[in-house]
Amino acid sequence: MDFSSPNVAKPMHVGHIRSTGIGDALQRVLRMLGHRVITDNHLGDWGTQFGKLLVGWKQRLNRANLAKAPMTELERLYREIHFGAETSATDLEVAAQQIEQLRLSHSSALLVWEEAMQLSSAAFTNRFTGDALKMLTEPAERALGLLAGSGLVDRERFATEREKLLADLASLVDFARQANPPLLEQARTELVKLQSGDPENLSIWREMTRLSQAQFDTIYGRLGVRFDHTLGESFYNPQLGSVVESLLARGIARESEGAVAVFSDGSLPPKEDPFLVNRDGAWVAEPALIRKSDGGFNYMTTDLATIEYRLKTWSPDEIIYVVDDRQAPHFRKLFLTFRRWQPEAAQRVQLRHIGFGKILGDDGKPYKTRSGDTIKLADLLDEAEERALRVVTTKRPELDEQTRREIARVVGIGAVKYQDLLPNRQSDYTFSWDKMLALTGNTAPYLQYQFTRAYKVTRDGGVYDPDRFAKVIPTESAELALVKHLLNFGLTLDAVSEEARPNYLCNYLYELAGLFSRFYDQCQVLKSAEPVRTLRLALCDLTARVLKQGLAVLGIEAPEVM
RNA sequence: GCACCGGUAGCUCAAUUGGAUAGAGCUUCUGACUUCGGAUCAGAAGGUUGCAGGUUCGAGUCCUGCCCGGUGCACCA
């Protein structure tokens, strides 16, 4: 199973919970059903981005920031060089002029506000696009955030913020304008040096990887996710040349416009052929590139080498990729190419892409902060625990702080994971703190609470005799409904594994919790006479165990006390 | 333009893959507590499953054509 796969030198963000959570839940279900599972975190630790990162590291690195928040600093370096490299010379001139005008203009707190708004206005949108625009608007948005957060309009402070912001922007734009050779060229050079084994670049790359791994360890620790292997893209680097040679030798790939590419073999009708795309009524080639015209390799090549390695090393019956739905065309090409390349090996393995949709904010657009930043996973988990702590404190003020914090950790992390697993994975879903932490409805806290109730009864009720339990026939409708549902646990797990849909299990558990709650409400357990007492105690025990185990295979803990 | 994924109650989502009267939560209204921990339970209200055809004993689910939304369409992953 291949899932999570974050990029080195970037903070893990909210999007990673999908691949990580769904992948981890599926591998746990498969293991529980008796499959032998190998998990492999295919880190993005070797790609074009390192060219820009190396330029940034060598020329713009702030050691103090790196020590404080390494991922933030690495991200900043990448964004700065990316901005400088991808913005045209004329646009850089325009940016420099506009910044200079802003510096000369009179500033009041109100004007700072207006100027900040202008920075993100349509005027800029027309001139700059994508990351380049963000590069300029983010500091402005941050200034805005400070203004809003201060409560008062502190004129002094914002004049200072403004100066600093404009100075930073001007310095960056100047740096980009004066770069010689241009930044894009520098980045390419650094990348080629890295890929050909330059000792200095390799050592910087190792340092960036090391810093990233520390971040990954922390986050995976909090999420309770472990991998059997972490073989990143760099691991396959030595094989890439021979992969391309082999594909060329077998006539599967050929040279095209200086690159090496795999084209359609015509075995599929055009509509189903991922190597063809229709442009204005004509089917034209949409090849898979395995070597760029500059000699570099891309992720298709790495992915082919990865399949080959996995088959050789582990002989799996199946390789499952839990990756964003947008990459579906890539995986179709990858699987088809591999089948043509190594037909005998391909017959012994099923290759599956398990896709999923996006996480949206309540504005219906991809979930971001108010200022448009991507949300860092670490921050998200912090906030989940804080919010859960507030709820726990309201409900259980008598518990000591350490206990409340531990409950909040389990509830908060569980809520985030559960919300992500609950919707059909293919559709997008809307992120909502209020909904995921709600105490009623289909949420982790509700399931966890029902577990604590069932568990409490078994603790108070003591051991029961399974033989006696087996001889009592349930009579109450609430008992019968609960018994019948308990029996479906195994069928549900089968359905989850067959369709790779953890939400089936979520719905099963929610139904179980509801049926238990009805039963608990309508049927006295401990005060009932035997043999009914044993029957009901056993039902509580079974419910608690299924809830706990069900949550566990979703990667969610069940606290004994809430 | 072409392909893929969606469109289900006012809102957010289910529907174990072709089975019986399409289910939950939120919201609104009405009930149940000297409780086995009420972070609970019961009831009411809310639907032409985007539209139009078709296949079938039976369609939210499969087929065809439209409409709307999202995504993707060689040298980023």
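A note on names: the letters A, B, ... follow the listed sequences, proteins ahead of strands, and every chain is numbered from 1.
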Does [X] reach a base, just sugar-phosphate, or nothing at all? Heavy atoms under 4.0 Å.
| X | value |
| --- | --- |
| A:E499 | base |
| A:K527 | sugar-phosphate |
| A:P287 | base |
| A:S293 | base |
| A:T394 | nothing |
| A:N503 | sugar-phosphate |
| A:Q448 | nothing |

Which whole number of Å gives the distance between the [atom1] atom of [N] and that of [M]?
| N | M | atom1 | result |
| --- | --- | --- | --- |
| B:rA44 | B:rG18 | P | 32 Å |
| B:rC4 | B:rG46 | C1' | 34 Å |
| B:rA20 | B:rA15 | C1' | 14 Å |
| B:rU61 | B:rG7 | P | 11 Å |
| B:rU8 | B:rC41 | C1' | 28 Å |
| B:rG69 | B:rG50 | P | 16 Å |

Side chains of A:E286 and A:K333: closer than 4.5 Å at any heavy-atom pair? yes

A:R425 CZ to B:rA14 P, in whole Å, measures 12 Å

From the candidates B:rA77, B:rG37, B:rU40, the one with an atom nearest any side-chain atom of A:V561 is B:rG37

What nucleotide among B:rC2, B:rA77, B:rC36 has an atom nearest to a side-chain atom of A:L526? B:rC36

Check: A:Q426/A:D325 side-chain N/O donor and acceptor closer than 3.5 Å: no

A:D273 versus A:S264, side-chain donor and acceptor atoms under 3.5 Å: yes

Does A:R254 make a cation-pi contact with A:F263 (under 6.0 Å, within 45 degrees of the axis)? yes

Taking the six-membered ring of A:F338 as reference, does the NZ or CZ atom of A:R310 fall below 6.0 Å from its centre and within a 45° cone about the axis? no

Let me have RNA chain B in dot-bracket notation, would you? Count Watson-Crick plus G-U wobble pairs, both distances under 3.5 Å, and use [ ] for pairs crossing earlier ones and | for inter-strand partners. (((((((..((((.....[...)))).(((((.......))))).....(((((..]....))))))))))))....

Please step through side chain to side chain contact (heavy atoms under 4.5 Å, CB included) for the pair A:I290 and A:L304, ending with a clear verdict. CA-CA 9 Å; A:I290 56 171; A:L304 286 166; 4.1 Å; yes

Under 3.5 Å, is there any donor-acceptor pair linking the side chain of A:Y449 to the base of B:rA39? no

Does any N or O in the side chain of A:K417 come within less than 3.5 Å of the main-chain N or O of A:A25, such that one atom is a donor and the other an acceptor? no

